[in-house]
Amino acid sequence: MSLKIGGTIEKVNGQELFYSEFAEKYLAGNQPVLLTGLMDDWIASKHWVSSNGRPNLIFFPTHFGKSKVQVADCDTREFTDQKRIEMSVSEFVNHWLQGSMENHDVNGKSVLYLKDWHFVKWLLKYYTNMKNTVYNIFDDISETDFPGFKKAIWLECIQEQNEIIFVPSGWYHQVHNLEDTISINHNWFNSYNLSWVWDLLLRDYKEAKEYIEDIKDICDDFEGLCQRNLAANTGMNFNDFFIFISRFSLANVVELYYLRGELNSENSIWHCSAIIKHFALNLSSIRKTALKMKSEGVKGNLGIINLLETLSDPKFLKLCTGLGRIYSVIHEEENWSCTMKKALMADFAKYGSQVCSPEDLITFIDYAVSKLSSNCDEQNPLLSVLYEIQPHEQN
């Protein structure tokens, strides 16, 4: 079948792109982009590549030869994915060297794809569930099974060495390697796609619930079983997701308290700081997600977040420090610990110390923003971003 190619992906020199511009145009705008100039000084660009520009395969068994990895057999389909087998890095590289893609037909060997080799465990891992998507966009796709597929507009690009492609949340994509390739892929968290992650989680929950609906009447804790199955299949359930966004919202509030103290709430910098707008956007995304959860009937106790206890949790303090450093706010953890925590504890003691439901989370965010905005005049970025109102409406 013929695909409708609607254009190519924009290419931008990453050295000339500010993060704030990337966040506004591509993250918030949910648009793909091909970035150049950001990998030229990476050690991997030197160690992983031979002088002829091809992958330096010997590097990997030399340093990671005994590591066990999951490898996909590209010639064998299993359900909606390729068949997976486990082998060592050395075994995989030997297979690659003995029968690379250009000699595939001659040697009769399967093309193997080392996929999802995780060097680092990230804070949050989520996935795009592929059960109801097209396996290969170049196949003859059924319009009945996938209505609108043939009318979809596809973008294409050729990604060269040391280039980075940003694939936005919710965008389906397919990769075709033109030659032997080593790539680094990162599913990374940003607050703009929280609502999308929740939509995926809710969809998977409904599917899991429907699948075992016939045992509902004989199950003592049917909802608990659904949530356990959801966690087993996706890596998280409603409780896990809610605790994450609650702690993340508190971390953003911590950074805003810190900024107010550092910049002085009466100073004009407090109103126009791009960093403050980033934290406000994070809180806005969390609040919208909590509102969506509430509107979809999610209520009750999803997990108790004790605000005062969380502020004394070393892991949470580490999260705050890391978040602050990302936005170039906090440079010394001790400074935050001895100043901001006292102010926060005083405010939260008056508010009440627990967040247990999406409604509680919305109330907490509104309370924190009202406290942070108490001494601010017009053009308050917290109010304008969080509630999407214009300066003249802030009365």
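Here, residue 1 is the first one in the sequence, and each next residue gets the next number.
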Chemist: With salt bridge (charged side-chain N to carboxylate O under 4.0 Å, His left out) as the test, would you mind laying out the steps for Asp313 and Lys318 before giving the verdict?
Modeler: CA-CA 9 Å; Asp313 182 352; Lys318 187 176 181 180; over 6 Å; no
Chemist: Does the Ser50 side chain pair with the main chain of Gly53, one donor and one acceptor, at a distance under 3.5 Å?
Modeler: no
Chemist: In Å and rounded to the nearest 0.5 Å, what is the CZ to CD1 distance from Phe92 to Ile85?
Modeler: 10.0 Å
Chemist: Treating Ile, Leu, Val, Met, Phe, Trp and Tyr as nodes and any side-chain heavy-atom pair under 4.5 angstrom as an edge, say whether Ile212 and Ile218 lie in one connected cluster.
Modeler: yes
Chemist: Quick check: does any side chain N or O of Ser45 sit under 3.5 Å from a backbone N or O of Met39, one acting as donor and the other as acceptor?
Modeler: yes
Chemist: Using the side-chain hydrogen bond (donor to acceptor under 3.5 Å, both in side chains) rule, pick out the option among Gln159, Glu163, Glu160 that qualifies with Lys11.
Modeler: Glu163
Chemist: Which atoms form the tightest heavy-atom contact between Pro32 and Pro168, and what is the distance?
Modeler: N-CG, 3.3 Å
Chemist: Using 0.5 Å steps for rounding, measure from the SG atom of Cys320 to the NZ atom of Lys315.
Modeler: 14.5 Å
Chemist: In sequence, state the C-alpha distance, the side-chain angles, and the governing distance for Val12 and Thr36, and then conclude on side chain to side chain contact (heavy atoms under 4.5 Å, CB included).
Modeler: CA-CA 6 Å; Val12 176; Thr36 64; over 6 Å; no
Chemist: Can you tell me how far apart OG1 (Thr62) and CG (Asn56) are? Round to the nearest 0.5 Å.
Modeler: 8.0 Å
Chemist: Report the distance from atom OG of Ser195 to atom CE of Met293, rounding to the nearest 0.5 Å.
Modeler: 10.5 Å
Chemist: Please report the interatomic distance CG(Asn229) to CD(Glu207), rounded to the nearest 0.5 Å.
Modeler: 13.0 Å
Chemist: What about Phe22 and Phe166, are their ring centers closer than 6.0 Å?
Modeler: yes
Chemist: Using a 4.5 Å cut-off on heavy atoms from C-beta on, say whether the side chain of Phe64 contacts that of Val69.
Modeler: no
Chemist: Could you walk me through whether Leu194 and Ile245 pass side chain to side chain contact (heavy atoms under 4.5 Å, CB included), step by step?
Modeler: CA-CA 8 Å; Leu194 274 178; Ile245 64 173; 3.8 Å; yes
Chemist: Heavy-atom distance under 4.5 Å between the side chains of Ile215 and Leu225, does that happen here?
Modeler: yes
Chemist: For Asn306, is there any backbone N or O sitting under 3.5 Å from a side-chain donor or acceptor partner on Thr310?
Modeler: yes
Chemist: What's the shortest heavy-atom distance between Trp42 and Leu38, and which atoms?
Modeler: NE1-O, 3.2 Å
Chemist: List in chain and number order the residues that pass ring-ring contact (aromatic ring centres under 6.0 Å, His included) with Phe238, two or more places apart in sequence or in another chain; answer none if no residue qualifies.
Modeler: Trp198, Tyr205
Chemist: Assess the residue pair Leu112 and Trp96 against the criterion (side chain to side chain contact (heavy atoms under 4.5 Å, CB included)); give the C-alpha distance rounded to whole Å, side-chain angles, the decisive distance to 0.1 Å, and a yes or no.
Modeler: CA-CA 8 Å; Leu112 299 185; Trp96 190 344; over 6 Å; no
Chemist: Test Glu223 against Arg228 for salt bridge (charged side-chain N to carboxylate O under 4.0 Å, His left out), laying out the working first.
Modeler: CA-CA 9 Å; Glu223 179 61 25; Arg228 289 192 294 274; over 6 Å; no
Chemist: Consider side-chain hydrogen bond (donor to acceptor under 3.5 Å, both in side chains). Of Gln31, Glu21, Glu10, which one does Tyr26 pass it with?
Modeler: Glu10
Chemist: Go through the steps for Lys294 and Val298 under the test side chain to side chain contact (heavy atoms under 4.5 Å, CB included), then give the verdict.
Modeler: CA-CA 5 Å; Lys294 179 183 175 182; Val298 178; over 6 Å; no
Chemist: Do any N or O atoms from the side chain of Asn52 and from the backbone of Arg54 form a donor-acceptor pair under 3.5 angstrom?
Modeler: yes
Chemist: Quick check against the 3.5 Å criterion: does Asp240 have a side-chain atom that pairs as donor or acceptor with the backbone of Asn237?
Modeler: yes
Chemist: If hydrophobic clusters are built from ILVMFWY residues whose side chains come within less than 4.5 Å, do Leu97 and Tyr113 share one?
Modeler: no
Chemist: Taking all heavy atoms of Leu317 and all of Leu311, pick out the closest pair and write down the distance.
Modeler: CD2-O, 3.2 Å
Chemist: Any side-chain heavy-atom pair from Gln354 and Ile305 closer than 4.5 angstrom?
Modeler: no
Chemist: Sequence neighbours excluded, which residues qualify as salt bridge (Lys or Arg N to Asp or Glu O under 4.0 Å) partners of Asp73?
Modeler: none
Chemist: When you measure from the side chain of Ser285 to the backbone N and O of Asn282, does any donor-acceptor pair fall under 3.5 Å?
Modeler: no
Chemist: So do Asp360 and Ile362 actually touch side chain to side chain, heavy atoms under 4.5 Å?
Modeler: no
Chemist: Could you report the tightest heavy-atom contact between Asn13 and Gly37, atom names first, then the distance?
Modeler: OD1-CA, 4.3 Å
Chemist: Do Pro358 and Leu291 have side chains that get closer than 4.5 Å, going by heavy atoms?
Modeler: no
Chemist: For Glu91, is there an ion pair with Lys66 - N to carboxylate O distance below 4.0 angstrom?
Modeler: no
Chemist: Are more than 12 heavy atoms from other residues, nucleotides or ligands located less than 6.0 Å from atom NZ of Lys68?
Modeler: yes
Chemist: Between Lys46 and Ile43, is any pair of side-chain heavy atoms under 4.5 Å apart?
Modeler: no
Chemist: Hey, what do you get for CD (Glu255) to CZ (Phe279), rounding to the nearest 0.5 Å?
Modeler: 4.5 Å
Chemist: Is there side-chain contact between Ile184 and Trp48, with heavy atoms separated by less than 4.5 Å?
Modeler: yes
Chemist: So, Asp199 and Lys292, do they make that salt bridge, N to O below 4.0 Å?
Modeler: yes
Chemist: Is the side chain of Thr181 donor-acceptor paired with the backbone N or O of Asn177 at a distance under 3.5 Å, no angle test?
Modeler: no
Chemist: For a 4.5 angstrom cut-off between non-hydrogen side-chain atoms, does Ser249 reach Ile286?
Modeler: yes
Chemist: Over all heavy atoms of both residues, which pair between Leu283 and Ile365 is shortest? Give the atoms and the distance, please.
Modeler: O-CD1, 4.1 Å
